[in-house]
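Labels below follow one simple rule: chain letters A, B, ... track the order of the sequence lines, proteins then strands, and each chain is numbered from 1. Side-chain atoms are counted along with the backbone in the values below, which use heavy atoms only and exclude waters and symmetry mates.
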2 protein chains.
Amino acid sequence: MSYLDRMTSDDAPVIGRSGSYAKGVARRREILDRAIEVFTERGADGTSLRRIAQALGVSHAALLHYFDSREQLLVAVYEHAEARRDEENHGHRPERAVDVMVEAAMLNVEVPGLVQLYSTLVAAALEADSSASKSFFTTRFENVREQLTNDLRRDQEAGLVRDDVDAKDVAALIVAASDGLQIQWLLEPSIGLQETLRAFSALLAPPAAR
Amino acid sequence: MSYLDRMTSDDAPVIGRSGSYAKGVARRREILDRAIEVFTERGADGTSLRRIAQALGVSHAALLHYFDSREQLLVAVYEHAEARRDEENHGHRPERAVDVMVEAAMLNVEVPGLVQLYSTLVAAALEADSSASKSFFTTRFENVREQLTNDLRRDQEAGLVRDDVDAKDVAALIVAASDGLQIQWLLEPSIGLQETLRAFSALLAPPAAR
DNA sequence: GTCTATACGTCGATAGAC
DNA sequence: GTCTATCGACGTATAGAC
């Protein structure tokens with residue numbers, strides 16, 4: 001079950017009733033596809049409900065039938081774009097967990113507007129106590145850190161990563177460094193995203209490998 | 001000359017004319033002081049020109065005599081809050097450059113709303129080609145990285161930091177890790193900001209110290 | 001220089017008709 | 001499911017009082 005199948009409680013179509021469920025899912029996907037295009041072209045500020053609706057040929061109120069709010073729509077757009085990024089790159093996985101993040105960052109930065117959307121949503125997540133973005137990023141960070149921690153522990157046991165640092169701390173650092181560097185790179189591409197991330201990777205090499 | 005003395009070209013008071021310059025600066029400071037309070041209480045979304053103006057007892061249009069736009073005002077608020085943070089902490093400087101950033105992050109996170117304001121402005125900086133935030137963060141990142149690079153080179157020569165990594169890369173990584181971790185910590189304080197940043201610090205220790 | 005008053009266009013969100 | 005109509009609030013701009 002993908003995120004596309006998630007509907008809000010009050011407008012979720014009944015499954016099995018003349019295909020209305022699949023239709024709702026398809027409509028959601030159409031909206032998200034157009035929305036990411038609008039976002040890429042005009043940025044976060046230019047991506048109002050009215051503009052997305054215009055691109056679809058409907059009124060802006062129609063969009064709120066599929067998403068509770070603009071913010072929730074933007075979160076869905078991010079998930080959608082991220083999933084597409086991964087589909088297009090069903091390639092090889094690097095040996096070490098660190099390098100998985102390095103490659104993900106490189107891919108991220110190639111999708112126009114994706115980092116910008118990410119930053120916009122992170123800022124929104126730090127807003128009021130309850131927002132659509134807040135729960136999304138809280139669980140997202142949690143999941144990514146946990147996955148990464150496990151992979152790092154495995155790498156440490158295999159002697160691929162130095163074991164004198166806590167895997168949990170390193171996991172949080174990798175996520176932070178990756179996120180932060182993508183922003184710095186967008187503002188100043190001359191810093192060299194790949195080289196810098198590889199430097200981080202080098203810091204994690206076990207003493208024997210040096 | 002501090003950032004408070006910077007005025008936009010068309011409304012800059014003439015220096016030496018019956019103290020109007022100092023008055024303008026004082027008024028700016030009043031506005032910024034109230035604005036940071038509003039921001040702390042209500043967040044970025046709740047910090048409209050009208051609300052700041054209300055807190056000052058003036059109309060919202062009055063604020064635009066001191067700042068060209070809301071975004072420029074918010075940038076000034078961030079600079080102001082950051083300067084205050086540094087004033088209150090004219091304390092000791094750690095031996096290594098890395099640990100300067102560790103302490104700065106700890107202080108940042110203690111000022112309510114500061115990280116949120118930072119995130120908001122970063123998101124704005126990634127927006128259109130020309131925004132008040134964009135030039136601010138571009139030069140800010142540049143300056144911080146340059147200062148940090150020099151300090152790191154010094155530490156490397158002194159044998160305090162391992163010298164098998166490029167100081168330039170490490171500088172960008174430190175900024176990225178610090179920024180990224182502050183966000184993760186705000187969403188999940190249990191990750192332990194200080195411990196995690198110290199883990200990064202440990203990765204930079206020279207082989208001899210291990 | 002400082003500020004008020006006012007207006008313009010846009011926004012997210014909601015209510016109710018079809 | 002989608003529409004229109006409408007609401008309150010927003011950033012910005014301008015004209016003019018003092």
Exercise. What is the distance from CD of B:E30 to P of C:dT2, rounded to the nearest Å?
Worked result: 11 Å
Problem set entry | A:Q54 CD - D:dC3 C1' separation (whole Å) | 16 Å
Exercise. Are B:Y118 and B:F137 close enough that their ring centres sit under 6.0 Å apart?
Worked result: yes
Exercise. Using a distance-only test with no angle check, is there a side-chain donor-acceptor pair under 3.5 angstrom linking B:S178 and B:Q182?
Worked result: yes
Problem set entry | Residues forming a salt bridge (Lys or Arg N to Asp or Glu O under 4.0 Å) with A:D45, sequence neighbours excluded | none
Exercise. Between D:dG1 atom C1' and A:R28 atom CZ, what is the distance in whole Å?
Worked result: 15 Å
Exercise. Can you name the residues that form a side-chain contact (heavy atoms from CB on, under 4.5 Å) with B:A167, not counting sequence neighbours?
Worked result: B:T149, B:L152, B:R153, B:Q156
Problem set entry | side-chain N/O B:Y66 vs C:dC3 OP1/OP2, d < 4.0 Å | yes
Exercise. Hey, does the side chain of A:S59 come within less than 4.0 Å of D:dT2's phosphate (OP1/OP2), counting only N and O?
Worked result: no
Exercise. Any side-chain donor-acceptor pair under 3.5 Å between B:E188 and A:T138?
Worked result: no
For this session: Round to a whole Å and report the spacing from CZ of B:R51 to P of D:dA9.
Result: 9 Å
For this session: Heavy atoms under 4.0 Å is the rule here; annotate nucleotides 12-18 of chain C 5' to 3' with B where the base is hit, S where only the sugar-phosphate is, and - elsewhere.
Result: BBB----
Seminar exercise, completed: Among D:dC3, C:dT4, D:dG1, the one nearest any side-chain atom of A:V58 is D:dC3
Seminar exercise, completed: A:R154 meets the side chain to side chain donor-acceptor pair (under 3.5 Å) criterion, sequence neighbours left out, with A:D151
Exercise. Any side-chain heavy atom of B:D33 within less than 4.5 Å of one from B:R84?
Worked result: yes
Exercise. What residues form a side chain to side chain donor-acceptor pair (under 3.5 Å) with A:Q184, not counting sequence neighbours?
Worked result: B:R145
Problem set entry | Residues touching DNA chain C, which here means a heavy atom under 4.0 Å, drawn from residues 118-128 of chain B | none
Problem set entry | Between C1' of D:dT12 and CG of B:L73, the distance in whole Å | 14 Å
Problem set entry | Atom CZ of A:R42: over 12 foreign heavy atoms under 6.0 Å | no
Exercise. Between C:dC3 and B:R27, is there an OP1 or OP2 to side-chain N/O distance shorter than 4.0 Å?
Worked result: yes
Seminar exercise, completed: Separation of D:dT12 atom C1' from B:H65 atom NE2, nearest Å, is 13 Å
Exercise. Separation of A:I52 atom CD1 from C:dT10 atom P, in whole Å?
Worked result: 16 Å
For this session: Could you tell me the separation between the CZ atom of B:R42 and the P atom of D:dA9, rounded to a whole number of Å?
Result: 11 Å
